[in-house]
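Structure first, then comments.
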Amino acid sequence: MGGGPPPDNVYGQASFERSLMRLQTDQVDLLYAHFIPSVEPLIPLMQQLKQAGKTRYIGITTFMPQQHEQLAELMRKHPIDFVQVDYSIANRDAEKTVFPVAVERKIAVVVDVPLGGRFGSILGRTQGRTLPPWAADIGVGSWSQFLLKYVISHPAVTCTIPGSTRLEHLVENQLAGHGPLPDASMRKRMEAVWDSNA
Ligand SMILES: NC(=O)c1ccc[n+]([C@@H]2O[C@H](COP(=O)([O-])OP(=O)(O)OC[C@H]3O[C@@H](n4cnc5c(N)ncnc54)[C@H](OP(=O)(O)O)[C@@H]3O)[C@@H](O)[C@H]2O)c1
């Protein structure tokens, strides 16, 4: 007569099945554990679902720099395919913690909150500032493109998922996916411009 709640993998299985039903599919491309403390209990189930062809890839997400060390540890320990992690020109911590492990273990990196997040967008800090003239050399015509090209040009980064509630922002942001990307020396110049006004 054991009391207490069912183990996490039972919740995980039910949650996954509910998602499949809502998405009207029987398989997905990517399944994330969205809560770092849930990773250990859920990893066996996630691996089973991958082996059964229910998901192509599995991964872990965070949006907090204080969880990066723990995330890097989990990346070393478990055979995961993706991480989703916070990174921006104003929040470069992941370069030291998460990215080296991603490169070493060939784990894809999706950057969330590349503009600082919907509650603390760093675009507010660019108001009244003009872009440096050399931004045009990398096809950058706005600050959002400057910030997004910085993020996606890091060699460890696979892609980013900026959020927006406005169509004109969506169009502007999509353009950051076109044209040349900054190289390492251009990235340093971008950092210098940002840091001088931080
Ligand atoms: N895994 C996790 O734990 C986690 C946590 C947080 C977020 N995420 C994911 O990460 C993604 C991005 O998150 P987010 O939207 O909070 O952060 P974000 O992309 O860094 O920032 C969005 C903010 O930037 C503004 N913005 C976007 N494009 C703009 C432009 N061209 N010009 C001016 N302002 C612009 C948006 O305002 P407007 O609406 O006015 O465009 C919004 O306030 C989402 O898919 C979210 O689900 C994941």
Side-chain angles (χ1 to χ4, degrees), residues 8 12 15-16 19 22-23 28-43 46 55 57-75 78 80-95 97-99 101-102 107-131 135-136 138-154 156-179 190-191 193-194 197-198:
D8 288 294
S15 164
F16 183 69
S19 296
R22 287 174 177 161
L23 292 166
V28 294
D29 286 326
L30 175 55
L31 174 65
Y32 280 131
H34 270 299
F35 181 52
I36 294 274
S38 74
V39 173
E40 290 292 358
L42 285 178
I43 274 282
M46 293 169 77
T55 180
Y57 302 115
I58 57 174
I60 304 171
T61 79
T62 183
F63 62 105
M64 291 189 267
Q66 54 276 33
Q67 291 188 335
H68 289 178
E69 290 290 356
Q70 217 181 336
L71 174 60
E73 212 177 290
L74 291 164
M75 292 162 74
H78 298 293
I80 57 160
D81 308 300
F82 275 81
V83 285
Q84 193 186 113
V85 64
D86 52 298
Y87 174 62
S88 74
I89 203 165
N91 164 24
R92 297 176 213 147
D93 184 81
E95 286 181 357
T97 50
V98 176
F99 292 178
V101 188
I107 296 171
V109 173
V110 177
V111 169
D112 55 36
V113 292
L115 304 172
R118 87 186 76 157
F119 302 114
S121 170
I122 53 175
L123 276 161
R125 298 189 214 163
T126 65
Q127 268 167 12
R129 290 173 62 186
T130 48
L131 284 167
I138 49 166
V140 160
S142 71
W143 280 108
S144 75
Q145 291 164 9
F146 183 97
L147 297 173
L148 292 173
K149 283 215 178 197
Y150 177 82
V151 164
I152 59 174
S153 60
H154 191 289
V157 171
T158 309
C159 67
T160 186
I161 50 168
S164 181
T165 55
R166 295 173 61 166
L167 184 58
E168 65 268 30
H169 288 170
L170 175 73
V171 171
E172 187 184 343
N173 296 348
Q174 291 281 333
L175 289 173
H178 294 262
M190 294 168 96
E191 287 168 8
V193 163
W194 187 263
N197 279 276

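Each residue takes its place number in the sequence, starting with 1. In listed order, ligands and their atoms are each counted from 1. Quantities reported herein were computed from a predicted structural model and do not represent experimental measurements.
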* To do: Evaluate whether atom CD of Q127 has more than 12 neighbouring non-hydrogen atoms of other residues, nucleotides or ligands under 6.0 angstrom away.
  =>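 Incorrect, the count does not exceed 12.
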Taking only heavy atoms of [X], which atoms of ligand 1 are found under 4.0 Å from at least one of them?
| X | result |
| --- | --- |
| G116 | 20 (O) |
| P114 | 19 (O), 20 (O) |
| S144 | 30 (C), 31 (N) |
| E172 | 31 (N) |
| V113 | 6 (C), 7 (C), 10 (O), 12 (C), 13 (O), 16 (O), 17 (O), 18 (P), 20 (O) |
| H34 | 1 (N) |

Distance-only N or O hit between ligand 1 and [X], under 3.5 Å:
| X | value |
| --- | --- |
| G163 | yes |
| F63 | no |
| T62 | no |

Would you mind checking which non-hydrogen protein atom is closest to [atom], with the distance to 0.1 Å?
| atom | answer |
| --- | --- |
| atom 10 (O) of ligand 1 | D112 CB, 3.3 Å |
| atom 25 (C) of ligand 1 | S121 OG, 4.1 Å |
| atom 37 (O) of ligand 1 | H169 ND1, 4.3 Å |
| atom 28 (N) of ligand 1 | N173 ND2, 2.9 Å |
| atom 16 (O) of ligand 1 | R118 N, 2.9 Å |

* Shortest reach to atom 34 (N) of ligand 1 by a heavy atom, considering only T165, L123, L115, V171 ->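 The nearest heavy atom belongs to L123.
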* Asked: Looking only at heavy atoms, is any part of D86 under 4.0 Å from ligand 1, and if so is it the side chain, the backbone, or both, or is it neither?
  ->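 Near ligand 1, D86 shows nothing, with every heavy atom at 4.0 Å or more.
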